[in-house]
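To start, the structure itself, in structure tokens.
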Amino acid sequence: MQNSEIARQFEELADLLEIQGANPFRLRAYRNAARTIWGLPDSVQDIVESNPGELQELPGIGKDLAEKIVIIVETSTLPQLEELKEQIPADVVRMLDIPGIGPKKVAFLFSELSIQSLDDLKAAAENGVIAEQKGFGKKTEQIILEGLEHLSQAGNRVRLAEAKAQSDAIIHDLSQLDSVQQISEAGSCRRRKETVGDLDVLVTSSQPAEVMDALEAHELVNKVLARGDTKQRVRLNSGLELDLRVVPEESYGAALLYFTGSKEHNIVLRRRSQDRGLKLNEYGLFREDELVSGKTEEDVYKTLELPWIPPEIRENRLEFEAAENDSLPDLIELKDIRGDLHMHTTATDGTASILEMAEGAKAKGYQYIAITDHSKRVTMANGLDAKRLRELWKEIDKVQDKISGIQILKGIECDILEDGSMDLPDDVLSEADWVIAVLHYGL
DNA sequence: GCCGTTTTCGGCCCGACTGTTTTCAGTCG
Ligand SMILES: Nc1nc2c(ncn2[C@H]2C[C@H](O)[C@@H](COP(=O)(O)OP(=O)(O)OP(=O)(O)O)O2)c(=O)[nH]1
Ligand SMILES: [Mg+2]
Ligand SMILES: [Mg+2]
């Protein structure tokens, strides 16, 4: 069984128990376990089969959770989970995906109004029953009806590049305002997660309202979803949502720390503060009510006896242990890329010549490239046969004579044909510096 | 349900916004 499936079952268990009103800290334990298992490089099933005692060494996994993990691996499920699923229909759990509707409201709708399905929910909202209930109203009725319409998009995430382009554009424009002092991306975008659930932008300013007015008026912004004195949530035209947080200048570091997250990283920092008789929030690090630090992230980490931790690893996944041991990793950066071993030219479906590719690579600081145009099977890209390939390589020799400081390798992206043989003969492939073997057809 | 170099019991991060409320619960970041 995959780790992700074990993790999913704990998540589901937590959702069901939450609707039942279970102890929130117990739910947190289940969710932390799910997160740990999800992010584990080793197979939990392998651990269970070889040395189940090891499970309890995982952070946040104790005796009970270890036992549950063993049962899930051995029987594919958990009796407790199956029982809860009998009691609470899947549709009722799905109601949690409606923004603004949480476990308390779902529990009320299910147990007091006997709402068992999304259809029941829609009907109850439409005929006004929900709005009459204590703690509910017209607005909640509206939220539910809208939420039901958009349920299929709930929890949608977008790729980092797509998110960052919009975040960068808005940050660029807001940074022009006189009322904006500092501005930064935050959240999962700053942590460079592969996918991003929403955009988070932090601003320091003494005039939050002006900043929010400017965001509202921005061409990428479609709708204001919420607005208070210090934060605003908007929906962009793309459908992505953006959280803007505005704090005073002296809180910049503490607020950036808070808003960059992750949530779990924040909780560890806040516990660490408590242990030292301090309190950490987005406004700073406080002793009693006196500000101790908060101007920069580094200040806050330093007061907590930690080095600055790069956003990319702020996930409470061993970064604190690494920081304590002075063994934080040197993260790979763009400048560490030394070459590119997959490149096309106008000989097939590229748009630049060998020389242009070499010059472009050199400008990026690369030390080597490999020209790897297509082989003949890829007819739509004008793929190379042996003769044209050898001519291209001769051309590479000529270009190599004209440019210094970068090595151009003679390569080929050679198709593996449907029968498993190579698209070009071995003798020509053996002359190459670099061969990419690739499947384009018969997949 | 987990955890502990003060603790094996009693804590568990802390604050903003909204709707429905007349003082705050629920939800969310
Ligand atoms: N202290 C604390 N901080 C939180 C909590 N929830 C969120 N944050 C902080 C850390 C998050 O990275 C940041 C932005 O919240 P988001 O919900 O947008 O999460 P994030 O951007 O990490 O992930 P996302 O890709 O948007 O799902 O706010 C919380 O419960 N407590
Ligand atoms: Mg976010
Ligand atoms: Mg957010």
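Here is how names work: the chains are called A, B, and so on, in the same order as the sequence lines, proteins then strands, and each is numbered from 1. Just so it is clear, the values below take in all heavy atoms, side chains as well, and ignore hydrogens, waters and symmetry mates.
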Rounded distance in Å - CD1 (A:Ile98) to C1' (B:dC28):
15 Å
Counting only distance, no hydrogens or angles, is the base of B:dG29 paired donor-acceptor with the side chain of A:Asp200 under 3.5 Å?
no
Complementary nucleotide for B:dG10 - Watson-Crick or wobble, under 3.5 Å
B:dC3
Between C1' of B:dC3 and CG of A:Leu65, the distance in whole Å:
13 Å
Taking all atoms of both residues into account, what is the closest heavy-atom pair of A:Ile371 and A:Met357, and its distance?
CD1-CB, 4.5 Å
Using salt bridge (Lys or Arg N to Asp or Glu O under 4.0 Å) as the criterion, list what pairs up with A:Glu219, not counting sequence neighbours.
none
Test applied, side-chain hydrogen bond (donor to acceptor under 3.5 Å, both in side chains); reference residue, A:His265; option that passes from A:Glu315, A:Arg314, A:Glu319
A:Glu319
Using the C1' atom on both, measure B:dT6 against B:dG1 and round to a whole Å.
23 Å
Counting only heavy atoms not in A:Lys122 (residues, nucleotides, ligands), do more than 12 fall under 6.0 Å from its NZ?
no
Name the one of A:Ile183, A:Val180, A:Val211, A:Val247 that satisfies side-chain contact (heavy atoms from CB on, under 4.5 Å) with A:Ser205?
A:Val211
What is the distance, to the nearest angstrom, from the CG atom on A:Asn316 to the C1' atom on B:dC2?
13 Å
Distance between C1' atoms of B:dT5 and B:dT23 (Å, rounded)
45 Å
Roughly how far apart, to the nearest Å, are B:dG19 and B:dC2 at atom C1'?
35 Å
Among pairs that include at least one residue of residues 18-37 of chain A, which meet ring pair (Phe, Tyr, Trp, His ring centres under 6.0 Å), considering only residues two or more places apart or in two chains?
none
Smallest separation among heavy atoms of A:Pro89 and A:Gln87, with atom names:
CD-O, 3.7 Å
Starting at atom CG of A:Leu244, determine the distance to atom C1' of B:dC28, rounded to an integer number of angstrom.
16 Å
From CG of A:Asn23 across to P of B:dG11 the rounded distance in Å is 13 Å
Using atom C1' of each nucleotide, how far apart are B:dA16 and B:dG11 to the nearest Å?
25 Å
What is the distance from CG of A:Asp64 to P of B:dC3, rounded to the nearest Å?
11 Å
Please check if the distance between the ring centroids of A:Phe136 and A:Phe108 is under 6.0 Å.
yes
Using the C1' atom as the point on both nucleotides, what is the distance between B:dT20 and B:dG26, in whole Å?
11 Å
Base versus backbone protein contacts along nucleotides 13-22 of chain B [heavy-atom cut-off under 4.0 Å; B, S, -]
BBSSSSSS--
Please state whether the phosphate of B:dC28, meaning OP1 or OP2, lies under 4.0 angstrom from any side-chain nitrogen or oxygen of A:Arg233.
no
Please report the distance, rounded to the nearest Å, between CG in A:Leu242 and P in B:dG29.
12 Å
Mapping A:Tyr30 and A:Asp198 to their closest nucleotides on DNA chain B, which lands nearer the 5' end?
A:Tyr30
Using atom CZ of A:Arg276 as one end and atom P of B:dT6 as the other, report the distance to the nearest whole Å.
12 Å
Is A:Pro103 touching bases, backbone alone, or none of the nucleic acid, heavy atoms closer than 4.0 Å?
sugar-phosphate
Nearest-Å distance once atom C1' is located in both B:dG15 and B:dC9:
28 Å
